[in-house]
Visitor: 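Could you have a look at this structure, given as C-alpha cells, before my questions?
Since this is a predicted model, take the numbers as computed values, not measurements. Residue numbers begin at 1 in each chain, while the letters A, B, ... track the order of the sequences.
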There are 2 protein chains.
Amino acid sequence: MSFKSSPEYALLGILMTGPKHGYEIYGYFSSKMKQFWHLSMSQAYALLKRMEKNGILISKEEWQVNRPSKKIFSITQAGKERFLDWVHSPVKHVRDLRIEFMAKLFFIKELKLKGALDIIDKQIEVLQEKLHLIKSSKEKIIDEFQTALHSFKIAQMTSAIEWLKECKNYFSCKY
Amino acid sequence: MSFKSSPEYALLGILMTGPKHGYEIYGYFSSKMKQFWHLSMSQAYALLKRMEKNGILISKEEWQVNRPSKKIFSITQAGKERFLDWVHSPVKHVRDLRIEFMAKLFFIKELKLKGALDIIDKQIEVLQEKLHLIKSSKEKIIDEFQTALHSFKIAQMTSAIEWLKECKNYFSCKY
DNA sequence: GTAATCTATTCCAGTTTGGAATATTTTTAA
DNA sequence: TTAAAAATATTCCAAACTGGAATAGATTAC
C-alpha cells in the first residue's frame with residue numbers, strides 16, 4: 001500500500017494542521033501551495049477517498065440541520081507516521097526539487113517542525129553523489145548532442161546544490 | 001486537433017527518417033532517445049493510432065506469406081509541417097528543457113536540419129523574459145519559504161540560460 | 001429580487017501508465 | 001538437436017489522472 005505519487009503527502013500535510021472537509025483542504029491547498037504545486041478538485045476528492053481506504057485518514061459524516069451533511073477528514077496515527085517519514089527524506093532526482101522537495105520545506109515551516117537543516121544536508125548529499133556519477137560517465141559522449149545533454153545535467157545539478165546551500169541560511173535561525 | 005502532450009512529436013520526428021512499423025519506431029526511440037525521454041510501448045501504439053485519426057500520419061498494411069501482416073506508418077505532409085513548426089519553437093517553461101527542448105536539439109542533429117542556433121537564441125529570449133518577471137515580483141516575498149522558492153526559480157532559470165549560451169558553441173560549426 | 005459567488009461534492013469522457021497477454025520467428029547454449 | 005531464451009510485433013486491461021461539467025443549497029452584492 002505504498003503510494004508513488006506524492007500529492008497524497010500534500011493532503012496529509014494539510015490534515016496535520018487539523019481535521020478538515022474536502023473543500024476546506026482544497027482551499028488551503030489553493031491559497032498556500034498553488035504557487036508550486038497543482039492539484040485539481042476532482043483529484044483531491046478521489047485521493048481522499050483512496051487514502052481513507054488505505055487507512056492513513058478517516059472521515060466522519062457531520063449532520064447539519066437543513067443542509068447536506070459534510071465529511072470531515074482527519075489524519076490517523078499511521079498517516080502521521082507516513083507523513084513525517086516523507087517530510088524528512090530527500091528526493092531522488094533534481095526534477096523533484098521544484099515540487100516535492102519544496103513541499104517538504106513548506107510543511108516544515110508551516111507545521112513548525114524541526115530538522116530543516118538536516119533534510120537540506122541529506123538532499124545535498126544525494127545530489128552530490130549523482131553529480132559525481134554523471135561527471136565520471138564522460139566516456140560515452142560522442143557527439144554535440146551528448147555533450148549538450150551532459151552539460152545540461154551538470155548545470156542543473158550544480159545550481160541545485162548551490163541553491164540548497166543558500167537555503168540553509170534562510171532556515172538556519174528557527175529550525 | 002492540436003495536441004498538448006509532446007510524445008507525439010517524438011514519434012513524428014522518428015517517422016521523418018522514413019516509414020516504419022510500430023515496433024521499429026519504438027526500437028529507434030529506445031536506442032536513441034531513452035536517455036532523456038521515456039515512453040511505454042503501449043502508449044506508443046495508442047499514440048500512433050490517434051495520430052493516424054488526426055491525419056498527421058498514415059499506415060499501410062503489409063501482407064506477408066505465412067505471417068501476420070504488419071502496419072507501416074508514414075508521416076503525411078500535414079505531419080511534416082506540424083513537426084517542423086514544433087522543432088523550431090522554443091518551449092515555455094524551464095521544466096520543459098530537460099525533455100522537450102532536448103528532443104528538438106536531438107532531431108535537429110539527427111535529421112541534419114538547419115536552425116539550431118536560431119532556436120537556441122529564441123529559447124534564451126523566452127527564459128530571459130521570464131527571469132525579468134520573476135526578479136521584479138519580489139514584493140510578495142514575506143517569509144523564508146517564499147525566499148527559498150524565489151531563489152530556486154532564479155537559480156534554475158539562470159543556469160538554464162548559461163547552459164543555452166554554452167550550447168551555441170556545441171552546435172555552431174555545422175548548423 | 002435576482003444574479004453572482006461561495007460552499008461542497010460527484011460524475012464523466014478522454015488520456016496516460018505500466019504491465020501482462022499473445023503469438024510467431026530467430027538465436028543461443030547444453 | 002532440441003529446448004529455452006530473446007527478439008519481433010501488437011493488443012488488452014485495470015488503475016489513475018485530467019479538466020471540465022453537473023448539481024445544489026447558501027450567502028453576498030448590486
Visitor: Is the shortest distance from a Lys or Arg side-chain nitrogen in A:Asp118 or A:Lys122 to a carboxylate oxygen in the other one below 4.0 Å?
Guide: yes
Visitor: What is the distance, rounded to the nearest whole Å, between atom NZ of B:Lys20 and atom P of D:dA9?
Guide: 13 Å
Visitor: How close or far is atom C1' of C:dT9 from atom CZ of A:Arg50, stated in whole angstroms?
Guide: 18 Å
Visitor: For the helix from C:dG1-D:dC30 to C:dA30-D:dT1, what angle separates the axis at the start from the axis at the finish, each from five pairs, in steps of 10°?
Guide: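 It works out to 20° between the end axes.
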Visitor: Please tell me if A:His38 has a side-chain N or O lying less than 4.0 Å from either OP1 or OP2 of D:dT18.
Guide: no
Visitor: The side chain of B:Gln43 lies closest to which of these nucleotides: D:dT18, C:dT17, C:dT9?
Guide: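 Looking only at heavy atoms from C-beta outward on B:Gln43, the closest nucleotide is C:dT17.
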Visitor: Quickly work out the A:Leu11 CG to D:dC17 C1' distance and round it to whole Å.
Guide: 14 Å
Visitor: Can you check the B:Lys49 NZ to D:dC12 C1' distance for me, whole Å?
Guide: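 In whole Å, D:dC12 C1' lies 10 Å from B:Lys49 NZ.
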Visitor: Is the distance from OP1 or OP2 of D:dT8 to the nearest side-chain N or O of B:Tyr23 less than 4.0 Å?
Guide: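 Yes.
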Visitor: Expressed in angstrom and rounded to an integer, what is the separation of B:Ile99 atom CD1 from C:dT16 atom P?
Guide: 14 Å
Visitor: Establish, from distance only, whether the side-chain atoms of A:Glu129 and A:His132 form a donor-acceptor pair under 3.5 Å.
Guide: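 No.
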Visitor: Go through the structure and list residues passing salt bridge (Lys or Arg N to Asp or Glu O under 4.0 Å) with B:Lys32, not counting sequence neighbours.
Guide: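 Salt bridge (Lys or Arg N to Asp or Glu O under 4.0 Å) list for B:Lys32, sorted by chain: B:Glu110.
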Visitor: Would you indicate which nucleotide in D:dG19, C:dT10, C:dT16 comes nearest to any side-chain atom of A:Ser40?
Guide: D:dG19
Visitor: Measure from CG on B:Leu47 to C1' on C:dT16 and round the result to the nearest Å.
Guide: 9 Å
Visitor: Report the residue from B:Tyr28, B:Phe83, B:Trp37 that forms a ring-ring contact (aromatic ring centres under 6.0 Å, His included) with B:Phe107.
Guide: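 Answer to the ring-ring contact (aromatic ring centres under 6.0 Å, His included) test with B:Phe107 among B:Tyr28, B:Phe83, B:Trp37: B:Phe83.
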Visitor: Let me know, please, whether B:Ser42 or B:His21 comes out on the 5' side of the other along DNA chain D by nearest nucleotide.
Guide: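 Between the two, 5'-proximity favours B:His21.
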Visitor: Can you list, in residue-number order, the parts of residues 24-37 of chain B that come under 4.0 Å of DNA chain D, counting heavy atoms only?
Guide: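 Contacts with DNA chain D under 4.0 Å: none.
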Visitor: Could you tell me if A:Lys130 and A:His93 have a donor-acceptor pair between their side chains, going purely by distance under 3.5 Å?
Guide: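 On atom types as modelled, these side chains qualify, holding a pair under 3.5 Å.
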Visitor: I need the NZ-C1' distance between A:Lys53 and D:dA16, as an integer number of Å.
Guide: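 Interatomic distance, NZ of A:Lys53 to C1' of D:dA16: 11 Å.
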Visitor: Which heavy atom of B:Ala116 sits nearest to which heavy atom of B:Ile108, and what is that distance?
Guide: CB-CG2, 3.8 Å
Visitor: Kindly indicate, with the supporting measurements, whether the criterion side-chain contact (heavy atoms from CB on, under 4.5 Å) is fulfilled by A:Arg95 and B:Arg95.
Guide: CA-CA 8 Å; A:Arg95 61 168 178 272; B:Arg95 61 168 177 271; over 6 Å; no
Visitor: Using the benzene-type ring in the case of Trp, are the ring centres of B:Phe145 and A:Phe36 under 6.0 Å apart?
Guide: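 Yes, close enough.
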Visitor: Rounding to a whole Å, what distance do you find between A:Tyr45:OH and C:dC11:P?
Guide: 13 Å
Visitor: Any idea how B:Phe152 and A:Trp163 line up, ring-wise: parallel (<30°), tilted (30 to 60°), or perpendicular (>60°)?
Guide: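 B:Phe152 vs A:Trp163 ring planes: perpendicular.
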